[in-house]
Amino acid sequence: MSAVDTTTPAKVPAPPPDSPHRPRADRRSGGPAVPWLLLAPCLAILGLVLGYPLYRLVTLSFQEFGQSQLWGFKSAEWVGFGNFSDVLGDTEFWQVVLRTIIFAVGSVVFTMVVGMLIALLLQRVSGWVKTLVNIVLVASWGMPVIVATTLFKWLFDSDYGILNALLSKIPGVELIGHNWFASGPEGLAVIMLLVVWGAVPFVVITLGAGLTQVPAELEEAARLDGAGAWGVFRYVTLPILKPIIVMLTTLSVIWDMGVFPQVFVMRGGHPEPEFQLLTTYSYDRAFVVNNYGQGSAIALLTVLLLLGVVAVYMRQMLKIGEVE
């Protein structure tokens, strides 16, 4: 008999039974109420900062509220859906809605196309060039909107704008003294460029981060199967980037439909009728015409329109989640 056989195995003490006075680790979390308690301060601040203004917006949209009510000479009178019927029955409102949709769609498409092209090009340059371009993008992205708007206003100035001088150097082009804001379409195109210039950096940085997650093996396999550059992008890169593209497109639509300072500052605080978007039109009805009820009704309709965009976004994200 060997020493191994005669050795008594050490007794491993059994874990003590769960004591009712010592709850398990999962019981120490405090239950489902703890996350809500931790979120309570944030929810309270959001309710105070966003909830009350939204409540006042809704109540004002159902009231006749003008300067007399603002100064306390008359009490606010409930008119029900009168403000909404007046707004929806106004042909100018629908012109503004159509102009806003065209402006937002053009800005979003231009932003996504330019952002995707730049993001793809940055994958094919050296490291120092990519770093330099990213620094420039972040600098332009961080520029205040008022500063960027003033810069564009100077670039497109009819008398001293550098763009007119540069374009006039092209043979057959004469734009010295050309006023880009003499007509609504040209002026809104300039404002659209300003919006795109401010939105492209965020799109490029986000898509660039998404492109790093595209497996190189899939791209190489697609090339071996005979796919060209467009085929690789369409059947490999684009499906992987689809959740990011949906998110960026939705955010861009929300931001571009809420454009206000670019139009307001570019037109010197008094946008002409052909430059009115939903945001400036609501401001004009409320603070220029002093009809705060109609201005609130227009703003509420804008919020409902944006909620429709958010609903489409959530539906698309749920579909993507089901596929995955």
Side-chain angles (χ1 to χ4, degrees), residues 40-104 144-150 153 181 183-184 187-188 191 194-195 253-311:
C42 179
L43 294 177
I45 294 175
L46 288 177
L48 182 64
V49 175
L50 299 178
Y52 180 72
L54 185 60
Y55 164 76
R56 288 295 297 157
L57 177 68
V58 174
T59 54
L60 283 175
S61 64
F62 290 97
Q63 293 177 344
E64 182 182 352
F65 201 95
Q67 242 180 352
S68 300
Q69 289 80 7
L70 180 65
W71 293 104
F73 299 124
K74 292 175 60 178
S75 59
E77 180 182 351
W78 286 87
V79 294
F81 291 94
N83 290 324
F84 293 95
S85 62
D86 293 340
V87 169
L88 296 176
D90 188 2
T91 56
E92 184 181 3
F93 170 76
W94 292 109
Q95 292 175 359
V96 173
V97 171
L98 180 61
R99 188 181 302 118
T100 304
I101 293 175
I102 295 175
F103 179 86
V145 177
I146 303 301
V147 177
T149 305
T150 306
K153 192 175 181 179
F181 298 96
S183 65
L188 286 176
I191 298 175
L194 171 60
V195 173
V253 170
I254 295 174
W255 291 337
D256 294 344
M257 289 194 67
V259 165
F260 177 81
Q262 292 90 334
V263 181
F264 190 79
V265 176
M266 192 73 80
R267 302 312 304 140
H270 302 284
E272 296 84 349
E274 59 268 21
F275 288 92
Q276 293 283 2
L277 302 179
L278 278 173
T279 51
T280 58
Y281 186 62
S282 174
Y283 176 88
D284 186 77
R285 299 299 299 175
F287 298 102
V288 178
V289 184
N290 293 321
N291 193 334
Y292 301 99
Q294 284 193 9
S296 300
I298 296 170
L300 186 58
L301 290 173
T302 305
V303 171
L304 294 177
L305 185 61
L306 292 179
L307 287 178
V309 176
V310 173

May I ask you to test the [X]-[Y] pair for a side-chain heavy-atom distance under 4.5 Å?
{"X": "Met266", "Y": "Phe181", "answer": "yes"}
{"X": "Asn291", "Y": "Phe65", "answer": "no"}
{"X": "Lys153", "Y": "Val265", "answer": "no"}
{"X": "Val145", "Y": "Thr149", "answer": "yes"}

[X] side chain to [Y] backbone, donor-acceptor under 3.5 Å:
{"X": "Trp78", "Y": "Phe62", "result": "no"}
{"X": "Ser282", "Y": "Leu278", "result": "no"}
{"X": "Arg285", "Y": "Asn290", "result": "no"}

Can you measure from [atom1] ([X]) to [atom2] ([Y]) and round to the nearest 0.5 angstrom?
{"X": "Met257", "Y": "Leu305", "atom1": "CE", "atom2": "CG", "value": "4.0 Å"}
{"X": "Thr280", "Y": "Asp284", "atom1": "OG1", "atom2": "CG", "value": "7.5 Å"}
{"X": "Gln63", "Y": "Glu77", "atom1": "CD", "atom2": "CD", "value": "10.0 Å"}
{"X": "Leu54", "Y": "Leu50", "atom1": "CG", "atom2": "CG", "value": "8.0 Å"}
{"X": "Ile101", "Y": "Asp256", "atom1": "CD1", "atom2": "CG", "value": "13.0 Å"}
{"X": "Tyr292", "Y": "Arg56", "atom1": "OH", "atom2": "CZ", "value": "12.5 Å"}

Considering all heavy atoms of both residues, which atom of [X] and which atom of [Y] are nearest to each other, and what is their separation?
{"X": "Leu88", "Y": "Trp94", "answer": "O-NE1, 2.7 Å"}
{"X": "Gln276", "Y": "Tyr281", "answer": "OE1-N, 3.2 Å"}
{"X": "Leu57", "Y": "Ala299", "answer": "CD1-CB, 3.7 Å"}
{"X": "Leu188", "Y": "Glu274", "answer": "CD1-O, 3.8 Å"}
{"X": "Ser61", "Y": "Asn83", "answer": "O-ND2, 2.9 Å"}
{"X": "Ile191", "Y": "Gln262", "answer": "CG2-CB, 4.1 Å"}

Hey, can you tell me if Phe84 and Phe81 have their rings parallel, tilted or perpendicular (30° and 60° cut-offs)?
tilted

